[in-house]
Protein chains: 2
Amino acid sequence: MTSNISIIGKRLKEARVHAGLSQERLGILAGIDEFSASARMNQYERGKHEPGMEIMKRIAEKLHRPISYFYEVDDDLAHLIEIYGGLDQQRKEKLLAIAVELHGNQSE
Amino acid sequence: MTSNISIIGKRLKEARVHAGLSQERLGILAGIDEFSASARMNQYERGKHEPGMEIMKRIAEKLHRPISYFYEVDDDLAHLIEIYGGLDQQRKEKLLAIAVELHGNQSE
DNA sequence: TCACTAAGGTTTACTTAGTTG
DNA sequence: CAACTAAGTAAACCTTAGTGA
């Protein structure tokens with residue numbers, strides 16, 4: 001069949017498979033009714049329909065990824081977002097500080 | 001009036017004002033019909049309606065921000081995303097490399 | 001069990017037409 | 001000109017029911 005057409009679908013599948021969950025199970029964990037979880041999650045992953053932000057937020061939580069990860073089209077930036085989400089608070093602050101510094105000396 | 005209720009609305013307003021554009025002008029630049037641009041952009045910014053990813057992608061371009069910026073709920077991460085988007089390619093790669101390294105020595 | 005889909009009912013977004021500052 | 005909104009139309013999503021690997 002066809003490959004993924006949407007960014008959300010691509011990111012969703014990557015993170016879901018990484019978490020070792022089925023489409024239906026993930027949907028149920030995110031609070032979707034058990035009778036429609038399979039269809040809805042599949043529609044999201046295949047790019048047939050776009051999830052609203054509320055359900056996306058709950059899906060993101062269950063997959064341990066920042067919500068922005070699922071919307072980013074740039075693979076490198078998506079990777080950066082993913083890594084940031086996995087860092088402890090101290091390293092998050094450090095990374096942000098480094099980014100600010102890199103940005104600063106770019107303008108000079 | 002009332003404050004913003006949605007994340008998208010909050011990020012949208014910040015970036016739009018920073019760019020010095022009116023709601024209507026931004027909508028037109030993003031390709032929305034001139035007769036509905038004002039209403040639609042206002043509905044997005046006030047959180048009345050949620051924009052689809054396609055139009056959001058075009059809005060993000062005009063505001064010079066990665067699309068993920070508009071969906072991120074964490075202010076620090078949103079800031080990191082914003083900075084990343086403004087870096088040149090060399091610094092983008094450097095920042096990503098640093099992130100990977102920070103992540104690596106966290107697990108040890 | 002898991003991935004996936006068509007079709008129709010339901011919900012939401014989009015357009016129109018306007019008000020207010 | 002800029003921000004904003006109600007109401008109706010149009011479009012998208014969600015549910016149901018089901019197929020096939």
Side-chain angles (χ1 to χ4, degrees), chain A residues 1-65 67 70-71 73, chain B residues 1-65 67-71 73:
Chain A
M1 311 154 309
T2 67
S3 55
N4 271 308
I5 49 177
S6 72
I7 293 295
I8 289 178
K10 178 180 172 181
R11 304 280 180 237
L12 210 45
K13 179 167 187 178
E14 187 281 321
R16 176 182 65 79
V17 171
H18 184 84
L21 296 170
S22 70
Q23 295 175 344
E24 184 178 30
R25 180 108 190 82
L26 173 58
I28 292 172
L29 283 174
I32 297 176
D33 183 279
E34 60 172 327
F35 294 107
S36 55
S38 171
R40 278 179 67 180
M41 291 308 302
N42 187 269
Q43 286 158 352
Y44 298 153
E45 202 165 300
R46 305 279 304 172
K48 181 70 191 297
H49 292 308
E50 205 175 296
M53 256 199 93
E54 269 317 307
I55 188 64
M56 199 60 236
K57 221 182 283 182
R58 301 210 295 275
I59 292 171
E61 270 177 39
K62 297 302 173 186
L63 294 177
H64 309 293
R65 295 275 208 303
I67 184 168
F70 299 92
Y71 296 92
V73 296
Chain B
M1 287 284 297
T2 67
S3 56
N4 273 306
I5 48 177
S6 72
I7 292 294
I8 290 177
K10 178 180 173 182
R11 303 281 180 238
L12 211 44
K13 180 167 188 180
E14 187 279 322
R16 176 182 66 78
V17 170
H18 183 84
L21 296 169
S22 70
Q23 295 174 345
E24 183 178 31
R25 180 106 191 84
L26 173 56
I28 292 172
L29 284 174
I32 297 175
D33 183 280
E34 60 173 327
F35 294 106
S36 55
S38 172
R40 279 178 66 178
M41 291 307 302
N42 186 270
Q43 287 158 351
Y44 297 154
E45 202 165 301
R46 306 278 303 172
K48 181 70 190 297
H49 293 307
E50 205 174 296
M53 256 198 93
E54 270 315 309
I55 189 63
M56 200 60 236
K57 220 181 283 182
R58 301 209 295 275
I59 292 171
E61 270 177 38
K62 296 303 172 185
L63 294 177
H64 310 293
R65 294 260 168 54
I67 185 170
S68 50
Y69 173 79
F70 299 91
Y71 296 92
V73 295

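Each chain gets a letter, A, B and so on, in the order the sequences are listed, and its residues count up from 1.
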Q: Please tell me if the side chains of Met56(B) and Tyr71(A) come closer than 4.5 Å, counting only heavy atoms from C-beta onward.
A: no
Q: Which angle, to the nearest 10 degrees, lies between the helix axes at the two ends of the helix from dT1(C)-dA21(D) to dG21(C)-dC1(D), each defined by five pairs?
A: 40°
Q: Round to the nearest Å and state the distance from Leu12(B) atom CG to dA3(D) atom P.
A: 12 Å
Q: Can you check whether Arg40(B) has a side-chain N or O nearer than 4.0 Å to OP1 or OP2 of dA11(D)?
A: no
Q: Could you state the CD1-P distance from Ile55(A) to dC14(D), rounded to the nearest angstrom?
A: 8 Å
Q: Between Glu54(B) and Lys57(B), does at least one N-O distance fall below 4.0 Å, as a salt bridge requires?
A: yes
Q: If I take atom CZ from residue Arg25(A) and atom OG from residue Ser38(A), how far apart are they, to the nearest 0.5 angstrom?
A: 13.5 Å
Q: For dA3(C), does OP1 or OP2 lie under 4.0 Å from any side-chain N or O of Arg46(A)?
A: no
Q: Measuring from Glu61(A):CD to Ile67(A):CD1, what's the distance to the nearest 0.5 Å?
A: 9.0 Å
Q: Ignoring hydrogens, what is the shortest heavy-atom contact between Pro51(B) and Glu50(A)? Give both atom names and the distance.
A: O-OE2, 4.3 Å
Q: May I ask you to verify whether the side chain of Gln43(B) and the base of dT12(C) hold a donor-acceptor pair under 3.5 Å?
A: no
Q: Using a cut-off of less than 4.0 Å, is there contact between a side-chain N or O of Asn42(B) and OP1 or OP2 of dA2(D)?
A: no
Q: So for Glu50(A) and dT12(C), does any side-chain atom that can act as donor or acceptor lie under 3.5 Å from a complementary atom in the base?
A: no
Q: Side-chain N or O of Tyr44(A) versus OP1/OP2 of dC13(D): is the shortest distance under 4.0 Å?
A: no
Q: Can you tell me the distance, in whole Å, between the CE atom of Met53(A) and the C1' atom of dA13(C)?
A: 17 Å
Q: Considering heavy-atom distances to DNA chain C, does His49(B) or Ala39(B) have its closest nucleotide positioned more toward the 5' end?
A: His49(B)
Q: Mind checking whether Leu26(A) and Ile32(A) have side chains closer than 4.5 Å, heavy atoms only?
A: no
Q: Taking CD from Glu54(B) and P from dA12(D), how many angstroms apart are they, rounded to a whole number?
A: 12 Å
Q: Which value, rounded to the nearest 0.5 Å, describes the distance between Leu29(A) atom CG and Ser22(A) atom OG?
A: 8.5 Å
Q: Closer than 3.5 angstrom, by distance alone: can the side chain of Arg58(A) be matched with the main-chain N or O of Ala30(A) as a donor-acceptor pair?
A: yes
Q: What residues from residues 23-32 of chain B pass a heavy-atom cutoff of under 4.0 Å to DNA chain D?
A: Gln23(B)
Q: How close or far is atom P of dC2(C) from atom NZ of Lys13(A), stated in whole angstroms?
A: 15 Å
Q: Using side-chain hydrogen bond (donor to acceptor under 3.5 Å, both in side chains) as the criterion, point out the one residue from Arg40(B), Arg46(B), Lys48(B) that pairs with Tyr44(B).
A: Arg40(B)
Q: Are OP1 or OP2 of dA3(C) and a side-chain N or O of Arg16(A) less than 4.0 angstrom apart?
A: yes
Q: May I have the distance from Glu45(A) (atom CD) to dC14(D) (atom P), rounded to whole angstrom?
A: 15 Å
Q: Is it the case that dC2(C) (base atoms only) and Ser38(A) (side chain only) share a donor and an acceptor within less than 3.5 Å, ignoring hydrogens and angles?
A: no
Q: For residues Ile59(A) and Met41(A), determine if any side-chain heavy atom of one lies less than 4.5 Å from a side-chain heavy atom of the other.
A: yes
Q: Over all strands shown, is Ser22(B) touching base, sugar-phosphate only, or nothing at heavy-atom distances under 4.0 angstrom?
A: sugar-phosphate
Q: Starting at CZ of Phe35(A) and ending at C1' of dT10(C), how long is that distance when rounded to a whole Å?
A: 19 Å
Q: Rounded to whole angstrom units, what separation is found between the CE atom of Met41(B) and the P atom of dT15(C)?
A: 13 Å
